[in-house]
Amino acid sequence: LSLGEFYLNTISQDEQTVIDSRATIEDVLETNMEGPKSLKALYDDFAYLFDINIEAYVEEFADSNPNLEDYESAMAKLFTDIANIKSRSLNEVAFELVKVKCYDIKASLIGKANEICSALMALLMTQINSDTASVDESYQEIYEQIQVEPNTPEELQELKNYIDQCQGLINNLKVKFDHVTDSVSLMSKFGFMPNEEDYQTY
């Protein structure tokens, strides 16, 4: 079998055929990128997670003197975003010419959100430990004061006056400890619990 020789004629890039072909290819590519662009836009609402410096974020949050409602609001937003990220699209989306894998970006966003959640709960745990230590110290002080045996009528009166004040002190401590309990309940609501050492303190 003998094949003849064939020669291809070169075509200038300025020729209309080349210009038209290039335009057609660009149109096809542009059209087929609309789907991936729209898919990417679905995740734009969560891009803020990548911009967060966790250490700076937690420091700024702590400086705002947050109450439990502030913690709950911040955690609820993060948990809502995590749920939305999971359901925003399939892990792999196929278009006519391209296939987009979304698993890695979803995992990265969810991972960052979980890191922020953990940092917030660690901050709350620090406050819980501080409040628990303060309550324990105050109860210990009350206990030591009422164990003193008076030796004079003046000391007896002083002890009586202190005991009369104790109810108010204990009421204040109960409010503080109730706040500690509410804080632990908030952690539990979002799936976080004190570690063994913290729990023993609590």
Side-chain angles (χ1 to χ4, degrees), residues 37-91 93 101-145 162 165-202:
K37 287 179 181 178
S38 297
L39 180 61
K40 180 262 181 187
L42 293 177
Y43 292 91
D44 285 347
D45 289 343
F46 314 112
Y48 78 94
L49 291 167
F50 289 138
D51 295 331
I52 291 179
N53 178 295
I54 296 179
E55 183 177 350
Y57 172 83
V58 171
E59 183 177 346
E60 182 178 350
F61 188 83
D63 289 343
S64 70
N65 193 27
N67 55 34
L68 288 183
E69 288 73 20
D70 296 324
Y71 277 101
E72 184 167 17
S73 177
M75 291 293 290
K77 173 173 172 48
L78 288 165
F79 267 58
T80 297
D81 283 350
I82 288 173
N84 288 335
I85 292 167
K86 289 179 178 179
S87 62
R88 191 52 51 110
S89 73
L90 298 175
N91 289 336
V93 182
K101 294 183 178 181
C102 304
Y103 177 81
D104 287 344
I105 186 64
K106 292 169 72 173
S108 295
L109 287 167
I110 291 171
K112 185 64 176 291
N114 281 325
E115 288 180 27
I116 298 170
C117 288
S118 296
L120 286 174
M121 291 296 93
L123 176 64
L124 180 58
M125 192 67 244
T126 298
Q127 186 60 53
I128 290 173
N129 286 339
S130 176
D131 290 344
T132 301
S134 175
V135 169
D136 181 67
E137 182 180 334
S138 296
Y139 270 117
Q140 186 64 31
E141 181 180 345
I142 291 173
Y143 175 78
E144 291 175 356
Q145 288 287 345
Y162 181 79
Q165 296 173 6
C166 279
Q167 188 58 52
L169 295 173
I170 291 174
N171 287 340
N172 290 336
L173 291 175
K174 183 179 182 302
V175 170
K176 198 167 188 177
F177 191 74
D178 285 345
H179 183 269
V180 169
T181 301
D182 291 341
S183 299
V184 174
S185 296
L186 179 62
M187 291 184 66
S188 177
K189 176 180 178 179
F190 292 104
F192 292 84
M193 288 300 294
N195 59 38
E196 184 176 351
E197 181 180 352
D198 291 330
Y199 193 78
Q200 289 177 351
T201 302
Y202 170 69

Output for pair (Ser87 OG, Leu42 CG), nearest 0.5 Å, gives 10.5 Å
The side-chain hydrogen bond (donor to acceptor under 3.5 Å, both in side chains) partners of Asp131 (sequence neighbours excluded) come to Gln127
Interatomic distance, OG@Ser183 vs CG@Asp178, rounded to 0.5 Å, equals 10.5 Å
Problem - Under 3.5 Å: donor-acceptor pair, side chain of Ser185, backbone of Thr181 - result: yes
Notebook entry, point to check: Below 4.5 Å, heavy atoms only, C-beta onward: do Arg88 and Phe46 meet side chain to side chain?
Noted result: yes
task: Side-chain contact test, heavy atoms from C-beta onward, threshold under 4.5 Å: evaluate it for Leu124 versus Leu68 and give yes or no.
output: yes
CG of Leu49 to OH of Tyr57, rounded to nearest 0.5 Å, is 9.5 Å
In short, side chain to side chain donor-acceptor pair (under 3.5 Å) pairs touching residues 68-80 with sequence neighbours left out are Glu72-Lys189, Lys77-Asp81
Report, as yes or no, whether the 6.0 Å neighbourhood of atom CD on Glu60 holds more than 12 heavy atoms from other residues, nucleotides or ligands. no
| query | Got Asp45 and Asn84 here, is their nearest side-chain heavy-atom distance under 4.5 Å? | reply | no
**Prompt:** Which is it for Met187 and Ile128 under the side-chain contact (heavy atoms from CB on, under 4.5 Å) test, yes or no, and what are the steps along the way?
**Reply:** CA-CA 11 Å; Met187 291 184 66; Ile128 290 173; 3.7 Å; yes
Those residues at least two apart in sequence (or on a different chain) that pass side-chain contact (heavy atoms from CB on, under 4.5 Å) with Ile105 are Phe50, Cys102, Leu109
- Message: Could you check whether Asn171 and Gln167, counting side-chain N and O atoms only, form a donor-acceptor pair closer than 3.5 Å?
- Response: yes
Separation between SG (Cys166) and OH (Tyr139), nearest 0.5 Å, reads 10.5 Å
Closest non-hydrogen contact found for Lys106 with Ser89 is NZ-O, 2.7 Å
The reported gap from CD in Glu137 to CD in Gln140 (rounded to nearest 0.5 angstrom) is 9.5 Å
Heavy atoms of Ala62 and Pro66 approach each other most closely as O-CD, 3.6 Å
Sorted by chain and number, sequence neighbours left out, side-chain hydrogen bond (donor to acceptor under 3.5 Å, both in side chains) with Asn53 holds for none
Output for pair (Ile52 CD1, Lys112 NZ), nearest 0.5 Å, gives 6.5 Å
Residues passing the ring pair (Phe, Tyr, Trp, His ring centres under 6.0 Å) test with Phe79, sequence neighbours excluded, are Phe190
With sequence neighbours left out, the residues meeting side-chain contact (heavy atoms from CB on, under 4.5 Å) with Asp104 are none
When every non-hydrogen atom of Leu123 is compared with those of Phe61, the smallest separation belongs to CD2-CD2, 3.8 Å
